[in-house]
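The block underneath contains the structure these notes are about, expressed in structure tokens.
Numbers here are sequence positions counted from 1.
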Amino acid sequence: MTSLALRSKPIVFSAAEAATALARAKKSRNDNSVPLEKIYYYEVYRRILAENRFLLCVQNNNLTAAEYKAFKLSLNNAGFTVSAVRNALMGAAFLDHCADSLAPSNTTPPQSYHKRTIQDEATKRLVTRFKRMLVGPSLMVFSNASHNERPFLMADAVKALAPESITSSVAKKIIVAGALVDFKHALSREQLEAAAKNPSMQRLREELVGLLSSPGSQLVGVLQTTPQALVRTLSGRE
């Protein structure tokens, strides 16, 4: 079995999974065999993409080893995992992850890391926006918490990356490039910060229920009050 300490619990592949990865390994741009190291990282990124619904891309501007360790520890304490990624391989893994989720008619055969294309326009835009986040040395911050487990996930991420949550030296050396949410939305840093201010889905449901039930409550009150008033009026005339 093989592992790489990318997060608190290392990603581990069984012998069967490793055999499958080797069997589906694709060719390079020049149709040469891809080194085993690249195949491994590609499979690791596919696993990360498959297991996490929230990914935040951060540009690393020369963090020292000590600063990177402190950054990972701070994010881990906030409930997130941090991993350094290779941009080209992460981009290829995301492209294939999206392509595999579409109907076969919407994709071309996966001949290589660079030749696979997607016809679905919305997915093409999503892939393009995600790849644009992968510029320079990149770190991926991710979480697989569900909406119910963590209704304010985006707000928690913004707070965890705020200067007051990490050391000042680290804050000066990282740039939030964007975020991927539920594999449907690629958000810029500004969009992420704006979305983090929105109420949770549970809060929105509660407010909606309140709005819908309010007129009914008022109607019941009127119906209950009117007969009582009518009885009083009739009693006063007797």
Side-chain angles (χ1 to χ4, degrees), residues 1-7 9-60 80-146 153 177-188 192:
M1 303 181 76
T2 308
S3 67
L4 180 65
L6 287 175
R7 52 183 182 175
K9 294 182 179 180
I11 293 178
V12 178
F13 295 100
S14 66
E17 290 173 327
T20 300
L22 291 173
R24 75 175 182 179
K26 295 171 287 187
K27 299 291 185 178
S28 69
R29 192 189 302 269
N30 298 320
D31 290 328
N32 297 320
S33 297
V34 176
L36 290 177
E37 182 184 15
K38 287 189 175 182
I39 295 174
Y40 176 69
Y41 278 109
Y42 169 85
E43 293 296 332
V44 168
Y45 300 156
R46 287 295 298 266
R47 177 75 68 84
I48 290 174
L49 291 167
E51 292 181 352
N52 298 276
R53 72 175 186 87
F54 176 82
L55 294 96
L56 183 71
C57 187
V58 177
Q59 293 178 2
N60 166 19
F80 296 93
T81 304
V82 180
S83 171
V85 297
R86 300 186 179 191
N87 294 345
L89 289 175
M90 174 56 86
F94 183 67
L95 171 64
D96 288 342
H97 178 84
C98 292
D100 289 344
S101 67
L102 297 173
S105 60
N106 288 327
T107 65
T108 57
Q111 298 173 344
S112 76
Y113 286 113
H114 305 280
K115 294 179 181 178
R116 192 169 194 179
T117 59
I118 296 176
Q119 277 72 51
D120 181 74
E121 291 300 324
T123 305
K124 285 174 64 176
R125 289 193 295 271
L126 183 67
V127 171
T128 298
R129 293 193 64 182
F130 180 73
K131 286 186 174 182
R132 286 175 179 170
M133 299 178 193
L134 300 170
V135 178
S138 298
L139 305 175
M140 201 62 63
V141 178
F142 49 92
S143 170
N144 63 353
S146 67
L153 182 59
L180 183 70
V181 183
D182 294 326
F183 294 96
K184 296 179 181 179
H185 310 287
L187 307 179
S188 66
L192 174 65

For S143, side-chain hydrogen bond (donor to acceptor under 3.5 Å, both in side chains) partners two or more places apart: none

Minimum side-chain heavy-atom gap D96-Y42 below 4.5 Å: yes

Contact check, side chains of L139 and L56, non-hydrogen atoms, under 4.5 Å: no

Charged N-O contact under 4.0 Å between R46 and E43: no

Beyond-backbone contact of Q59 with P137, side-chain heavy atoms, under 4.5 angstrom: no

Any L89 side-chain heavy atom under 4.5 Å of Y40 side chain: no

Closest contact, heavy atoms only, A21 versus I39: O-CG2, 4.2 Å

Side-chain heavy atoms of R129 within contact of L187, under 4.5 Å: no

Nearest heavy atoms of A93 and Y45, plus distance in Å: CB-CB, 3.8 Å

Considering all heavy atoms, the nearest M133-A186 contact: CE-CB, 3.8 Å

Distance (rounded to the nearest 0.5 Å) between K131 NZ and L126 CG: 11.5 Å

Minimal non-hydrogen separation, E51 against N144, with atom names: O-CB, 2.8 Å

Contact summary for V127 and C98, nearest pair of heavy atoms: CG2-SG, 4.0 Å

ring-ring contact (aromatic ring centres under 6.0 Å, His included) pairs, two or more places apart, involving residues 118-139: F94-F130

Pair E121-R125, side-chain contact (heavy atoms from CB on, under 4.5 Å): steps then yes or no: CA-CA 6 Å; E121 291 300 324; R125 289 193 295 271; 3.8 Å; yes

Least distance between heavy atoms, S138 atom then N87 atom: OG-OD1, 2.9 Å

Beyond-backbone contact of V85 with I48, side-chain heavy atoms, under 4.5 angstrom: no

Greater than 12 external heavy atoms within 6.0 Å of L36's CG: no

Heavy-atom side-chain contact between F54 and D182 under 4.5 Å: no

